[in-house]
Amino acid sequence: AMQVMMLATPSYVAHEGDLALDLRQLLNWGQWLMSLPVMVFSAGPLLRTALTAVRLRHVSMEVPAALGVLVMFGVSSAVTFHPGGVFGSEVYFDSLTMFLSFLLTARWLEMRSRHQSARVMEGLLQERPQTAWLLDEDDQVREVALEQVRVGDRIRVPMGMCIGVDGLVL
């Protein structure tokens with residue numbers, strides 16, 4: 001994205017008539033070439049997911065994002081191949097690559113957060129006790145597997161111990 005932005009910068013900072021048309025076109029071609037791997041590798045999973053959603057007639061967040069990416073790339077490619085055509089003279093390869101960079105960074109952060117949450121949940125499940133202290137009618141305690149505890153049973157929970165079943169604290 002930064003390399004594409006580097007080629008786009010002269011178009012942004014040049015005054016009217018400072019940048020020759022052939023040089024502007026050369027920079028557009030450079031941006032197009034640098035955007036091709038971005039479209040294939042970075043946008044590929046997004047486009048495949050959106051295509052699957054469209055085939056299933058299900059609208060997900062990937063569908064509008066993929067549509068925007070395809071429109072930006074298509075219009076910018078048309079301007080690159082036919083300058084001064086129906087789409088004008090501006091290309092958006094820099095916006096396209098930055099958008100995909102932000103999108104992939106957000107997805108990476110989300111995935112990292114999910115993995116961290118899953119590790120915490122697995123740790124909590126491993127700390128869950130496998131047995132309970134069941135009280136009978138004579139207040140005698142016997143240790144039983146959690147699967148043997150039934151609704152209405154009374155269990156004793158020592159201080160600081162985790163409770164392995166749902167219930168009412170008396």
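Keep in mind that the numbers below use all heavy atoms, side chains included, and drop hydrogens, waters and symmetry copies. Predicted, not measured: the structure shown is a model, and the values here were computed from it.
Within 6.0 Å of CG on Leu21 lie no more than 12 heavy atoms contributed by other residues, nucleotides or ligands. Counting heavy atoms of neighbouring residues, nucleotides and ligands inside a 6.0 Å radius, atom CE of Met6 exceeds 12 of them. Remark: Tyr12 OH is packed, more than 12 non-hydrogen atoms of other residues, nucleotides or ligands lying under 6.0 Å away.
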Inset, instruction - Start with the C-alpha gap between Arg154 and Asp136, add the side-chain angles, then the distance that decides, and say whether salt bridge (Lys or Arg N to Asp or Glu O under 4.0 Å) holds. - result: CA-CA 7 Å; Arg154 295 183 311 150; Asp136 59 17; over 6 Å; no

Inset, instruction - Determine, step by step, whether Val69 and Met39 satisfy the side chain to side chain contact (heavy atoms under 4.5 Å, CB included) criterion, reporting the C-alpha distance in whole Å, the side-chain angles of both residues, the deciding distance to 0.1 Å, and the verdict. - result: CA-CA 9 Å; Val69 165; Met39 286 299 292; 3.6 Å; yes

Inset, instruction - List the steps, then state whether side chain to side chain contact (heavy atoms under 4.5 Å, CB included) holds for Val149 with Val144. - result: CA-CA 8 Å; Val149 177; Val144 297; 4.2 Å; yes

Inset, instruction - Let me see the working for Ser76 and Leu96 under side chain to side chain contact (heavy atoms under 4.5 Å, CB included), right down to the final yes or no. - result: CA-CA 10 Å; Ser76 297; Leu96 166 75; over 6 Å; no

Inset, instruction - Tell me, with the steps shown, if Val91 and Trp32 meet side chain to side chain contact (heavy atoms under 4.5 Å, CB included). - result: CA-CA 9 Å; Val91 295; Trp32 182 79; over 6 Å; no

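Remark: Leu23 CG to Asp18 CG distance equals 11.0 Å, nearest 0.5 Å. Interatomic distance, CG of Leu51 versus CD of Glu62, reported as 12.0 Å (0.5 Å rounding). Atom CZ of Phe93 sits about 9.0 Å away from atom CG of Leu33, to the nearest 0.5 Å. Between the CG atom in Leu46 and the CG atom in Leu100 there is a gap of 7.0 Å [rounded to 0.5 Å]. Going from atom CE of Met2 over to atom CG of Asp94 covers 10.5 Å, rounded to the nearest 0.5 Å. Interatomic distance, Ser113 OG to Gln116 CD, rounded to the nearest 0.5 Å: 6.5 Å.
Residue Ser35 comes nearest to Thr97 through the heavy atom pair OG-CG2, 3.8 Å, listed as atom of the first residue, atom of the second, then distance. The shortest heavy-atom contact between Ser42 and Pro45 is O-CD, 3.7 Å. Residues Asn28 and Ser89 approach most closely at ND2-O, 4.5 Å, considering heavy atoms. Pairing each heavy atom of Asp153 with each of Gln148, the nearest pair is OD2-O, 3.9 Å.
Annotation: salt bridge (Lys or Arg N to Asp or Glu O under 4.0 Å) contacts of Arg24 (sequence neighbours excluded): none. Under the side-chain hydrogen bond (donor to acceptor under 3.5 Å, both in side chains) criterion, Glu110 pairs with Arg114, not counting sequence neighbours.
A 4.5 Å side-chain heavy-atom check between Phe87 and Val75 finds at least one atom pair inside the cut-off. Two residues are said to be in side-chain contact when any heavy atoms from C-beta on lie closer than 4.5 Å; Pro37 and Val40 fail this criterion. You'll find the side chain of Val141 stays beyond 4.5 Å of the side chain of Leu134, heavy atoms only. Side-chain atoms of Leu70 and Leu47, non-hydrogen and from C-beta on, do get closer than 4.5 Å to each other. Within the 4.5 Å cutoff, the side chain of Phe73 has heavy atoms near those of the Leu36 side chain.
Cluster membership check: Tyr92 shares its hydrophobic cluster with Leu19, using side-chain heavy-atom separations under 4.5 Å among Ile, Leu, Val, Met, Phe, Trp and Tyr. Linking ILVMFWY residues whenever their side-chain heavy atoms come closer than 4.5 Å, directly or via other members, places Val86 and Val71 in the same cluster. Linking ILVMFWY side-chain heavy atoms closer than 4.5 Å, directly or via other members, places Val79 and Met5 in two distinct hydrophobic clusters.
Phe81 has its ring centre less than 6.0 Å from the ring centre of Trp29.
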